[in-house]
Amino acid sequence: MEAMVRLSDDQLRQYDERGYVVLTGLFSDEEVTLLREEADLLQTEQRGHPEANTYEKNGRIRAAWAMEIDSPAYAAACRDPRVLEPVGQLLGGPEIYLLQSRLNYKVAFEGDVFQWHQDYASWEQDGVPDGDDHKVLTVLIMLDDTDEANGPLRFVPGSHKEGLIRPEYDEATTSYALHVVPDPAVSRLALANGVFANVGPAGTVAIFSGNLVHGSTANRSAHGRRNAYFAFNRLDNAPTITQSRRKTANAYIANYDPKPLAVLDEPVLPGLAAAGRSR
């Protein structure tokens, strides 16, 4: 795996036009296996901060927040040059920090939906001043092979150009209350622009704008689907408050002690994977 990834001019234009760019081949099978093993541990009471996990209505794991505080592998992944170099290109400078991280689990047969939403609708409640495409964004790492059956993340291309769409607060659909994009707006945008499904092999990476409309269907297949997310923000766009305004928020939902991330000189994950353990 190459130690550095630079987005091409075409990829930079794609991000601006569509609101996302998809990258393949960044992580080796061994590295992805390590991240999957860590995901198995993070969903248990054995992680250092089990209170950072949230659960479905049926009691199954839904998300593990702030993975990097309990996992050297995820702490290395968010500082990996293969991640931070393209993020730096898009955000326009070295003063970047980790705003939020989470690992979403879609358990086989039971993983619930994520309604259509924009991440910035929630980040605004966390105090982030600006959702501009070049100030705050998310990096997704697919931990499992993903197809149409196991609930892939779906994007509405170009929807980020709408800016923040005034959301509705949905406390009923799932166990996790979420600021969602109203159905009429989703229908209008999807009819105009279509829908892109993030299907592909484990290790696929997507970088997408905080204003991009996205969501996922339930997993009704026999195969689980886990995605790791790192949200990166510019330091000059850090929250202006010290506690989220969300009605339901745990202490791990946003970083209120922002410090610039130092890019690792070279990837650490290969060494951790070769050692067969991350602690």
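For the residue pair L7 and P86, the shortest heavy atom distance occurs at CG-CB, 3.7 Å. Looking at every heavy atom in both residues, G163 comes nearest to Q118 through O-NE2, 2.8 Å. Contact detail for P50 and T44: the closest heavy-atom pair is CB-O, 4.3 Å. Residues V268 and A76 approach most closely at CB-CB, 4.0 Å, considering heavy atoms. Across all non-hydrogen atoms, the minimal contact from A273 to L34 is N-CD2, 3.7 Å. For the residue pair Q243 and I241, the shortest heavy atom distance occurs at O-CD1, 3.0 Å.
For F208 and F155, the distance between ring centers is under 6.0 angstrom.
In this structure, the side chains of W123 and T138 come closer than 4.5 Å at one or more pairs of heavy atoms. Using a 4.5 Å cut-off on side-chain heavy atoms (C-beta onward), W65 and T54 make contact. Residues L235 and P260 form a side-chain contact, since some pair of their non-hydrogen atoms from C-beta on lies under 4.5 Å apart. Taking the side chain as every heavy atom from C-beta outward, L261 and L84 approach each other to under 4.5 Å. Residues P270 and E31 form a side-chain contact, since some pair of their non-hydrogen atoms from C-beta on lies under 4.5 Å apart. With a 4.5 Å cut-off on side-chain heavy atoms, S122 and R246 count as touching. Taking the side chain as every heavy atom from C-beta outward, S216 and P152 never approach each other to under 4.5 Å. A 4.5 Å side-chain heavy-atom check between I207 and L23 finds at least one atom pair inside the cut-off.
There is no side-chain donor-acceptor pair under 3.5 Å between T33 and E30. In this model, a donor atom of one side chain and an acceptor atom of the other lie less than 3.5 Å apart for E38 and S71. Using modelled atom types and a 3.5 Å distance limit, the side chains of H117 and H214 yield a donor-acceptor pair. Judged by distance alone, the side chains of S221 and N150 never bring a donor and an acceptor atom under 3.5 Å apart. There is no side-chain donor-acceptor pair under 3.5 Å between Q100 and Y252. No donor-acceptor contact under 3.5 angstrom links the side chains of D10 and S8, judged on distance only.
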> Checking side chain to side chain contact (heavy atoms under 4.5 Å, CB included) for the pair S101/Y74: CA distance, chi angles, key distance, verdict?
Replying inline: CA-CA 9 Å; S101 67; Y74 284 100; over 6 Å; no
> H134 and Y15: ring pair (Phe, Tyr, Trp, His ring centres under 6.0 Å), yes or no, with the steps?
Replying inline: CA-CA 10 Å; H134 293 282; Y15 178 81; 5.6 Å; yes
>> Pair V107, I61 - check side chain to side chain contact (heavy atoms under 4.5 Å, CB included), show working.
In response: CA-CA 8 Å; V107 179; I61 185 74; 4.1 Å; yes
> Given the rule in the side chain to side chain contact (heavy atoms under 4.5 Å, CB included) test, do N237 and V128 qualify, once you have shown the distances and angles that lead to the verdict?
Replying inline: CA-CA 6 Å; N237 194 43; V128 176; 3.3 Å; yes
>> Please evaluate residues N255 and Y97 with respect to the criterion side-chain hydrogen bond (donor to acceptor under 3.5 Å, both in side chains), reporting the C-alpha separation (whole Å), side-chain torsions for both, the decisive distance (0.1 Å), and the verdict.
In response: CA-CA 9 Å; N255 178 6; Y97 77 98; over 6 Å; no
> Does the side chain to side chain contact (heavy atoms under 4.5 Å, CB included) test come out yes or no for L143 and I141, once each step is laid out?
Replying inline: CA-CA 6 Å; L143 301 190; I141 304 173; 4.2 Å; yes
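For the atom pair CD (Q125) and CD1 (I253), the distance works out to 11.0 Å, reported to the nearest 0.5 Å. Put simply, CE on M142 and CG on N198 are 6.5 Å apart, with the number rounded to the nearest 0.5 Å. Note that the CZ atom of R62 and the CG atom of N104 stand 7.0 Å from one another [nearest 0.5 Å]. Remark: L264 CG to R79 CZ distance equals 4.0 Å, nearest 0.5 Å. For the atom pair CG of L90 and CD of E85, the computed distance is 11.5 Å after rounding to the nearest 0.5 Å. The distance from atom NZ of K106 to atom CZ of F114, rounded to the nearest 0.5 Å, is 6.0 Å.
At distances below 3.5 Å, at least one donor-acceptor pair connects side-chain atoms of R225 with backbone N or O atoms of G151. Remark: side-chain polar atoms of D145 are paired, donor with acceptor, to backbone N or O of A202 under 3.5 angstrom. D119 contributes no side-chain N or O that, together with a main-chain N or O of S209, makes up a donor-acceptor pair within less than 3.5 Å.
In this structure, the salt bridge (Lys or Arg N to Asp or Glu O under 4.0 Å) partners of R47, at least two apart in sequence or on a different chain, are D70. Applying the salt bridge (Lys or Arg N to Asp or Glu O under 4.0 Å) test to R226 and every residue at least two apart in sequence or in another chain returns D40, D144.
Cluster membership check: F196 does not share its hydrophobic cluster with V21, using side-chain heavy-atom separations under 4.5 Å among Ile, Leu, Val, Met, Phe, Trp and Tyr. A continuous path of Ile, Leu, Val, Met, Phe, Trp and Tyr side chains, each step under 4.5 Å between heavy atoms, connects L153 with Y20, placing both in one hydrophobic cluster. Taking hydrophobic clusters as Ile, Leu, Val, Met, Phe, Trp and Tyr residues chained together by side-chain heavy-atom distances below 4.5 Å, V136 does not share a cluster with L140. In this structure, L42 is a member of the same hydrophobic cluster as F27, with clusters built from ILVMFWY side-chain heavy atoms closer than 4.5 Å. In this structure, W116 is not a member of the same hydrophobic cluster as V180, with clusters built from ILVMFWY side-chain heavy atoms closer than 4.5 Å.
In summary, R245 and D126 do not engage in a salt bridge, as defined by a charged side-chain N under 4.0 Å from a carboxylate O. For K259 and D257, the salt-bridge test passes: some basic side-chain N is under 4.0 Å from an acidic carboxylate O.
Around CD of Q46, the count of heavy atoms belonging to other residues, nucleotides or ligands within 6.0 Å does not exceed 12. The environment of H49 atom NE2 is dense: over 12 non-hydrogen atoms of other residues, nucleotides or ligands sit within 6.0 angstrom. Other residues, nucleotides and ligands contribute over 12 non-hydrogen atoms within 6.0 Å of the CG atom of D147.
Pairs passing the side chain to side chain donor-acceptor pair (under 3.5 Å) check and including a residue from residues 151-162, sequence neighbours excluded, read E17-K161, E148-R154, E162-R188.
Seen from the ring of Y229, R102 counts as a face-on cation partner, given the 6.0 Å and 45° thresholds.
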